[in-house]
**Student:** 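My structure is below; once you've seen it, I'll send some questions.
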There are 2 protein chains.
Amino acid sequence: MSFLADLGLLALGSRLRAISDQLYTLADEVYRLRGLPLQGRWFPLLRLLQDQGPQAIGNIAAQIGQTHSAVSQLADRLVEEGWVTIVDDPSDRRRRCLSLTARARAVLREVRPAWKAIVQELEQRCAAADIDLLATLAKFETLLDSDLPATVVARCQASERSRVRIVGFDPALRQHFYRLNAAWLRKYFYLEAIDHRVLSEPESELLAGGGEVLFALLDDQVIGTCALKVESAGVYELTKMAVDESHQGLGVGRRLLARAIEVFKERDGTTLFLESSSRLKPALALYESMGFEHQAQPKSDSHYRRSDVYMIWKDPGGTTRGA
Amino acid sequence: MSFLADLGLLALGSRLRAISDQLYTLADEVYRLRGLPLQGRWFPLLRLLQDQGPQAIGNIAAQIGQTHSAVSQLADRLVEEGWVTIVDDPSDRRRRCLSLTARARAVLREVRPAWKAIVQELEQRCAAADIDLLATLAKFETLLDSDLPATVVARCQASERSRVRIVGFDPALRQHFYRLNAAWLRKYFYLEAIDHRVLSEPESELLAGGGEVLFALLDDQVIGTCALKVESAGVYELTKMAVDESHQGLGVGRRLLARAIEVFKERDGTTLFLESSSRLKPALALYESMGFEHQAQPKSDSHYRRSDVYMIWKDPGGTTRGA
DNA sequence: AGAATTTATGTAAGTGCTAACGTAAATCCT
DNA sequence: AGGATTTACGTTAGCACTTACATAAATTCT
């Protein structure tokens, strides 16, 4: 069991559930020893009826934090065992009001001292251990209220963002250059012959001519890539940009692009262009934000049938973004 | 839901269970958003296998605080879904060791950042709320360890003891004089004719002759009774002593007896005797401890067929016990 | 070494709860 | 007023877990 404790906040669910079960069996054991024909799990419902009089099922469910189904089923059982009766609400014939039987009220009067004893004993032990569990729990509950999952996921992404590195070509990663590009090409279009050739042999098709292939790594995982191809002296094409679908939204594309532009500048390129498709809205938005400008007429000698967009990079001045 | 909070420590079980469920759905939601094919409930098992290598089922159960059945069933499911494999332990052919598949290990590597994000977010929020939930919980867990139910029941009894009052005869309680005595008589013997007469009409049979009938009340509930009957001038018989079965162990009998002796003294009685049966060991022990002494030969003119014990009270001196 | 006990696990049945669906009654909307 | 929506509840199926029992292997005890 100490393993769960070692895991800390991660195993909190399991630990709390275990404590919860312990508390229920504590109550059951006390009831049994006192000869009270009661079950610990009935407590919230019975106590609610005792404190606040007859209640409709949905109402009870809301107050004790369970579903109406649970209350409905429990109610059936308690009726069977003679603890509550169900009367139809005359003012609203959908509702069924539960109320305690005389016997239940009598037993509950007898149970009261046991409840008191449980509370007192727990309070005393908590005081001795110098903890205020109720206050701590109350705060913790409110802290779970707001939109935790989204916040956690955002935190995940921030951490990933900081773990992403952009690196140059490495033969060991060649397969990923193919894999990442093939994935999106197959999704939106289809692989053309030229794609297959370039993706399979980046060394001869791109690097040999003075181009570059970049990879984005998340730890040791390849999640994105893009390439620069030399079309003619000083004229570079940005191409074969792809980011793994499950890692989009991390800004990987932007960083690949920024690095490609750096490379282009380092090599004193004169023109940087790209060809794309009007169907790829998010990609186009990225290109625009990085300084690419749409050209009125498409490139005359495009290699791709899918491309209907032609953009040329204009240096927007200062470094828009660091690496 | 605030109803549960109002109940404080009593509804702790329900609240903890609710929080536990919330935490599981938090984890599930995070996994879903990150595209991880994992369930929150698998975490303790998978994490254990990841941290400590292949483990036998019983071992796992002990570490994660569940039954072996639960682990066995979960294991079957995880095997079906390709997360773990089961290999028989060669050194002990009863054991089946679970170990992670390669795929599971890969996925778990990917999950790690999500775990980290969850922990960090919760830690941050806890810090902001100025609570140390883990420390509080750890203390609370140890505080549940020792024998709580028995302690609580003892506390109940102590409280009842302080709420017990001994009162004189009241016509409104006459039925209880019959009820309490009939209960034990039917259990150990049977009602003799004389019993029925005395129990039905205590006023004429006991009080009219200068006797007394005492009742023990727990709040407004009659849980014990006993009577003094005048046999002849100054000679009193202690009789019709009965304590409700579910309220024995509270010292009610002792207090009834003590009060009866007081009454006997107040009325300047000369002899106080009782008749009983050797079968009623606990009662005899009480009589002895209060100063009654066994007589060698039984009373010659006993009214009861069941009685084979005859005791006479000898004042042990100082007041043994207050009321 | 053989019998008795303990240990490790599987299986079946049951409990407490939820999600998802369905239905009747009430309410809202012109 | 009459149709659309909402509300209150029941029902079913399923999950996670438990208890109780069964069984085979290991261990202990003479």
Side-chain angles (χ1 to χ4, degrees), chain A residues 4 11 13-25 27-29 32 38-46 54-81 84 86-98, chain B residues 4 13-29 32 38-46 54-81 84 86-98:
Chain A
L4 285 186
S14 308
R15 271 174 89 186
L16 290 178
R17 163 125 204 195
I19 299 179
S20 167
D21 284 343
Q22 270 184 278
L23 288 168
Y24 279 126
T25 60
D28 286 340
E29 187 65 10
R32 197 183 61 76
L38 214 69
Q39 298 216 0
R41 309 219 170 231
W42 303 347
F43 171 77
L45 192 154
L46 293 178
Q55 300 275 323
I57 287 191
N59 211 338
I60 296 173
Q63 302 235 36
I64 68 179
Q66 293 189 344
T67 59
H68 75 270
S69 300
V71 176
S72 174
Q73 292 169 34
L74 177 56
D76 287 345
R77 172 148 181 215
L78 291 179
V79 167
E80 249 180 50
E81 305 203 10
V84 302
I86 300 187
V87 289
D88 290 0
D89 184 330
S91 74
D92 183 341
R93 279 158 46 215
R94 291 168 308 178
R95 303 170 95 124
R96 300 197 317 153
C97 276
L98 304 190
Chain B
L4 286 186
S14 307
R15 271 173 88 185
L16 290 178
R17 165 122 202 194
I19 298 179
S20 167
D21 284 342
Q22 270 184 278
L23 287 168
Y24 279 126
T25 59
L26 160 66
D28 286 341
E29 186 66 10
R32 197 183 60 75
L38 215 69
Q39 298 216 0
R41 310 220 167 229
W42 303 347
F43 172 78
L45 193 154
L46 294 179
Q55 300 276 321
I57 287 191
N59 211 339
I60 297 173
Q63 303 235 38
I64 68 178
Q66 293 189 343
T67 59
H68 76 270
S69 298
V71 176
S72 174
Q73 292 168 33
L74 177 57
D76 287 345
R77 173 150 178 212
L78 291 179
V79 167
E80 247 179 50
E81 304 203 10
V84 302
I86 300 189
V87 289
D88 290 0
D89 184 330
S91 74
D92 182 342
R93 278 158 47 217
R94 293 167 308 179
R95 303 172 95 125
R96 300 198 316 154
C97 277
L98 305 190

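Note that the structure is predicted; figures quoted are calculated from it, not measured.
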**Student:** Once you round it to whole Å, what is the distance between C1' of dC15(D) and CD of Glu81(B)?
**Tutor:**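 Glu81(B) atom CD is separated from dC15(D) atom C1' by 13 Å.
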**Student:** Report the residues that fulfil ring pair (Phe, Tyr, Trp, His ring centres under 6.0 Å) with Tyr24(A), sequence neighbours left out, ordered by chain and then residue number.
**Tutor:**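 Once residues adjacent in sequence are excluded, Tyr24(A) has no partner under the ring pair (Phe, Tyr, Trp, His ring centres under 6.0 Å) criterion.
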**Student:** Counting primed atoms plus P, OP1 and OP2 as sugar-phosphate and everything else as base, spell out the protein contacts along nucleotides 20-28 of chain D at 4.0 Å heavy-atom distance: B, S or - for each nucleotide, 5' to 3'.
**Tutor:** B----BS--
**Student:** Stepwise, does the side-chain contact (heavy atoms from CB on, under 4.5 Å) test hold for Leu38(B) with Leu46(B)?
**Tutor:** CA-CA 10 Å; Leu38(B) 215 69; Leu46(B) 294 179; 4.0 Å; yes
**Student:** Measuring to OP1 and OP2 of dC17(D), would you say a side-chain N or O of Arg41(B) lies under 4.0 angstrom away?
**Tutor:**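 Checking Arg41(B) against dC17(D): at least one side-chain N or O falls below 4.0 Å of OP1 or OP2.
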**Student:** To the nearest Å, give me how far apart CD (Gln55(B)) and P (dT9(C)) are.
**Tutor:**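 Atom CD in Gln55(B) sits about 11 Å away from atom P in dT9(C).
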**Student:** Without decimals, in angstroms, what is the distance between Asp28(B) CG and dT18(C) P?
**Tutor:**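 Asp28(B) atom CG is separated from dT18(C) atom P by 15 Å.
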**Student:** Ser72(A) side chain N/O closer than 4.0 Å to the phosphate oxygens (OP1, OP2) of dG10(D)?
**Tutor:**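 For dG10(D), OP1 or OP2 has a side-chain N or O of Ser72(A) closer than 4.0 Å.
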**Student:** Hey, is the main chain of Gly40(B) close enough, under 3.5 Å, to the side chain of Asp28(B) for a donor-acceptor pair?
**Tutor:**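 Flag set: sc Asp28(B) to bb Gly40(B) pair under 3.5 Å.
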**Student:** For a quick test of reading the model: is some side-chain N or O of Arg77(A) closer than 4.0 Å to OP1 or OP2 of dG16(C)?
**Tutor:**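 Yes, such a contact exists.
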**Student:** Enumerate the salt bridge (Lys or Arg N to Asp or Glu O under 4.0 Å) contacts for residues 68-77 of chain B, please, sequence neighbours excluded, ordered by first and then second residue.
**Tutor:**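 Counting only pairs at least two positions apart or across chains, the salt bridge (Lys or Arg N to Asp or Glu O under 4.0 Å) contacts touching residues 68-77 of chain B are Asp76(B)-Arg96(B), Arg77(B)-Glu81(B).
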**Student:** Using a distance-only criterion (donor-acceptor N/O pair, under 3.5 Å, no hydrogens), is the base of dT18(D) paired with the side chain of Gln73(B)?
**Tutor:**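 Indeed there is one.
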**Student:** Using heavy atoms to find the nearest nucleotide of DNA chain D for Asn59(A) and Arg17(A) separately, return the residue whose nucleotide is more 5′.
**Tutor:**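 In this pair, the answer is Asn59(A).
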**Student:** Write down the atom of Gln55(B), the atom of Ile60(B), and the distance for their closest heavy-atom approach.
**Tutor:**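 Heavy atoms of Gln55(B) and Ile60(B) come nearest at CB-CG1, 3.5 Å.
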**Student:** Atom CG of Leu4(A) and atom CZ of Arg17(A): how far apart are they, to the nearest 0.5 Å?
**Tutor:**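 Going from CG on Leu4(A) over to CZ on Arg17(A), the span is 13.5 Å.
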**Student:** Can you measure Gln39(B) atom CD to dA19(C) atom P for me and round it to whole angstrom units?
**Tutor:**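 That distance rounds to 13 Å.
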**Student:** Roughly how many Å is it from CD1 in Ile60(A) to C1' in dC9(D), rounded to a whole number?
**Tutor:**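 In whole Å, dC9(D) C1' and Ile60(A) CD1 are 12 Å from each other.
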**Student:** Kindly determine whether Leu74(B) and Val71(B) satisfy side-chain contact (heavy atoms from CB on, under 4.5 Å), including the steps that lead there.
**Tutor:** CA-CA 5 Å; Leu74(B) 177 57; Val71(B) 176; 5.7 Å; no
**Student:** Leu78(B) CG to dC15(D) P: how many Å, rounded?
**Tutor:**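 Result: 14 Å.
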**Student:** When you measure from the side chain of Gln66(B), which nucleotide among dT9(C), dC9(D), dT18(D) comes out closest?
**Tutor:**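 When the side chain of Gln66(B) is considered, dT18(D) is the closest of dT9(C), dC9(D), dT18(D).
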**Student:** Can you check the Asp89(A) CG to dT7(D) P distance for me, whole Å?
**Tutor:**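 Nearest whole value for this atom pair: 17 Å.
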**Student:** Within this structure, what is the CG-to-P distance between Asp21(A) and dC17(D), rounded to whole angstrom?
**Tutor:**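 Roughly 10 Å, once rounded to whole Å.
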**Student:** Taking for each residue the nucleotide of DNA chain C bearing the nearest heavy atom, is the 5' side occupied by Ala56(B) or by Trp42(A)?
**Tutor:**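 Closer to the 5' end of DNA chain C: Ala56(B).
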